[in-house]
Engineer: 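Quick one: this structure, given as structure tokens, is what I'll be asking you about.
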There are 2 protein chains.
Amino acid sequence: MVPPASARTGPRKAAKATSAATSAAAPALSREAVIDRALEVADHEGLAAVSIRRIAQDFDVTPMALYWHVKNKDELLAAMGERIMDSVELPELAVDGGLQRLRPLLERLVGALARHPASTPLVQARILHCDTGRTLTEQALTILADAGFDTRRRAELSRAALQSVVMLVVGAPGAEIDVPEVERQAMRERKQQMLAGLPVDRYPLLIDSAAAMFDCDPATYYADGIELFLAGVTALAARREHRPA
Amino acid sequence: MVPPASARTGPRKAAKATSAATSAAAPALSREAVIDRALEVADHEGLAAVSIRRIAQDFDVTPMALYWHVKNKDELLAAMGERIMDSVELPELAVDGGLQRLRPLLERLVGALARHPASTPLVQARILHCDTGRTLTEQALTILADAGFDTRRRAELSRAALQSVVMLVVGAPGAEIDVPEVERQAMRERKQQMLAGLPVDRYPLLIDSAAAMFDCDPATYYADGIELFLAGVTALAARREHRPA
DNA sequence: ACCTGAACACCGTTCAAGT
DNA sequence: ACCTGAACACCGTTCAAGT
């Protein structure tokens, strides 16, 4: 599943340096440090590379040492998700601007998630388990309520809003989540070749789109994704107004 | 990670029945049978419960026997994703109807994915690796091209269309993917209690929506999700028409 | 063509013990 | 309060060998 070890980047005993001044090497073990390191490992080698034993190794410590700072692996993964969520810089909620006020909210979320694409799937289940996620949801609900959506629609749409962002990041073309950094380029090329080898008569448009699917600017990709969602809610809100129940 | 064994549901030697007529028990080992069983296990116990050794056990066979039918675990997971994708009943592409022709396409996809929510994450990366997925994409691209979207926007939007469906299924309220069937109800109740315990002054709308987030009808949830996407593309297409470059 | 046995290098986790 | 050692029950996978 994971390539047979080799290439490690993490902090390690530089040599068998004696106690005093162990150089840059491993930082002190702590819950925060463990979570940070886990996110780093996921960023560079994929989420599958995150294991209790591996992280312990990076701290030059026994695997069981981690269990003092973290309940178990599931809790570590949950904490990674919440850490990402808490890194969102919450925007202030403007008094007016209608549904367009959702835009900064979604942009900030994209900004935070895109820093850790490989760990973004972890966020999905943890949004409502941290303050930042709840505040973000509450803001979205406020904006949607102002636009006239009832409780049920608000719930659905706020959910869809945040999940659309998760989807954008996880499904970003060329992100190749869960593939280690080093193999990403090769992976992309293999995919592109596969598409190029398809029968042109059966999939003319698909082949035509292949290039656009791979070399795409992340900034416009995210902007367009957010735009699509906003266009959707705006249209739905307009329908409500024109034929009110 | 996975609860400590116990409760298994799969086919098993009923007793130490002698060769001839081993009753209903384990079907013949084959690539198809392995994939089917893996999907069943994921459906009932979550994707994490799918292991080479476990599936082998369910067939009363040595783990290494599976390697004859399947290259390795990654290939098994990929095959599960493609199997789901191939179970989509492709709609015929109507000649007219504009962007609304996307609807049956998305509905069929939801239909197929919703049968295996726990394994739906596997579909994401495999869409373009099977005929059905490519055909579906080609159809989406055709509809989007007819609506006037250029190559880049077509590529983006077809991608967004299929991923939105994956997201709808994976993020379905109360689906609790990756949690074994037996614990799902308990999990839902824990979440609901957590929301109920929140400070009402900070999260008034969130708490108000809590009920709507949990007891929701899957049919309208999916219909609304598809509607949101269609409203979005339709609005974007309309903008293009009114101020053409 | 299809399956087994033995072995290897990994996992997560518990529990008693050390400082 | 924080960490270690030894042990257990799991993983995926290889390789030589059986029928």
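None of the values given here were measured: they were computed from a predicted structure.
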Engineer: Roughly how many Å is it from CG in Leu76(A) to P in dC11(C), rounded to a whole number?
Structural biologist: 14 Å
Engineer: Please list, chain by chain and in numerical order, all residues satisfying salt bridge (charged side-chain N to carboxylate O under 4.0 Å, His left out) with Arg134(A), sequence neighbours excluded.
Structural biologist: Asp131(A)
Engineer: Tell me the interatomic distance from Lys73(B), atom NZ, to dC11(C), atom P, rounded to whole angstroms.
Structural biologist: 14 Å
Engineer: The criterion is salt bridge (charged side-chain N to carboxylate O under 4.0 Å, His left out); which residues satisfy it with Glu138(B), sequence neighbours excluded?
Structural biologist: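 Residues passing salt bridge (charged side-chain N to carboxylate O under 4.0 Å, His left out) with Glu138(B): none at all.
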Engineer: What's the CD-C1' distance between Gln57(A) and dC10(C), to the nearest Å?
Structural biologist: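 Atom CD in Gln57(A) sits about 11 Å away from atom C1' in dC10(C).
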Engineer: In whole angstrom, what separates Leu66(A)'s CG from dT13(C)'s P?
Structural biologist: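 Going from Leu66(A) (CG) to dT13(C) (P), I get 11 Å.
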Engineer: Could you list the protein-to-nucleotides 2-6 of chain C atom pairs, N/O on both sides, closer than 3.5 Å?
Structural biologist:
{"residue": "dC2(C)", "atom": "OP2", "partner": "Trp68(B)", "partner atom": "NE1", "Å": "3.1"}
{"residue": "dC3(C)", "atom": "OP2", "partner": "His69(B)", "partner atom": "NE2", "Å": "2.6"}
{"residue": "dT4(C)", "atom": "OP2", "partner": "Thr62(B)", "partner atom": "N", "Å": "2.9"}

Engineer: For His69(A), enumerate each residue passing the side-chain contact (heavy atoms from CB on, under 4.5 Å) test, keeping only those at least two apart in sequence or located in another chain.
Structural biologist: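 His69(A): side-chain contact (heavy atoms from CB on, under 4.5 Å) contacts with Leu29(A), Arg31(A).
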Engineer: Using whole Å, report how far CG of Asp74(B) lies from C1' of dT13(D).
Structural biologist: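 About 12 Å, once rounded to whole Å.
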Engineer: How about CD on Glu89(B), more than 12 heavy atoms from neighbouring residues, nucleotides or ligands closer than 6.0 Å, or not?
Structural biologist: no
Engineer: Just wondering, do Gln163(A) and Gln124(A) contact through their side chains at under 4.5 Å, heavy atoms?
Structural biologist: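 Yes; the side chains approach each other to less than 4.5 Å.
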Engineer: For the pair made of CD1 in Ile55(B) and P in dC10(D), what is the distance, rounded to whole Å?
Structural biologist: 16 Å
Engineer: Output the rounded distance in Å from CG (Asn72(A)) to C1' (dC11(C)).
Structural biologist: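 That distance rounds to 14 Å.
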Engineer: Could you work out, with side-chain hydrogen bond (donor to acceptor under 3.5 Å, both in side chains) as the rule, every residue matching Asp36(A), not counting sequence neighbours?
Structural biologist: Arg83(A)
Engineer: For Gln192(A), give me all partners under side-chain hydrogen bond (donor to acceptor under 3.5 Å, both in side chains), at least two apart in sequence or on another chain.
Structural biologist: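 In terms of side-chain hydrogen bond (donor to acceptor under 3.5 Å, both in side chains), with neighbours along the sequence ignored, Gln192(A) is linked to no residue.
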Engineer: Is any side-chain N or O of Tyr67(B) closer than 4.0 Å to OP1 or OP2 of dT13(D)?
Structural biologist: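 Answer yes for this pair, as a side-chain N or O of Tyr67(B) is under 4.0 Å from OP1 or OP2.
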Engineer: In this structure, how many angstroms lie between the C1' atom of dT14(C) and the CD1 atom of Ile52(A), rounded?
Structural biologist: 13 Å
Engineer: Could I get the full list of side-chain hydrogen bond (donor to acceptor under 3.5 Å, both in side chains) partners for Arg154(A), not counting sequence neighbours?
Structural biologist: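 Counting only residues at least two positions away or on another chain, Arg154(A) forms a side-chain hydrogen bond (donor to acceptor under 3.5 Å, both in side chains) with Thr151(A), Asp208(B).
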Engineer: Where each pair must be Watson-Crick or G-U wobble with both distances under 3.5 Å, what dot-bracket representation of DNA chain D is obtained, with crossing pairs in [ ] and other-strand partners as |?
Structural biologist: ||.|||||...|||||.||
Engineer: Can you sort out the partners of Gln185(B) under side-chain hydrogen bond (donor to acceptor under 3.5 Å, both in side chains), two or more places apart, ordered by chain and number?
Structural biologist: Arg188(B), Glu189(B)
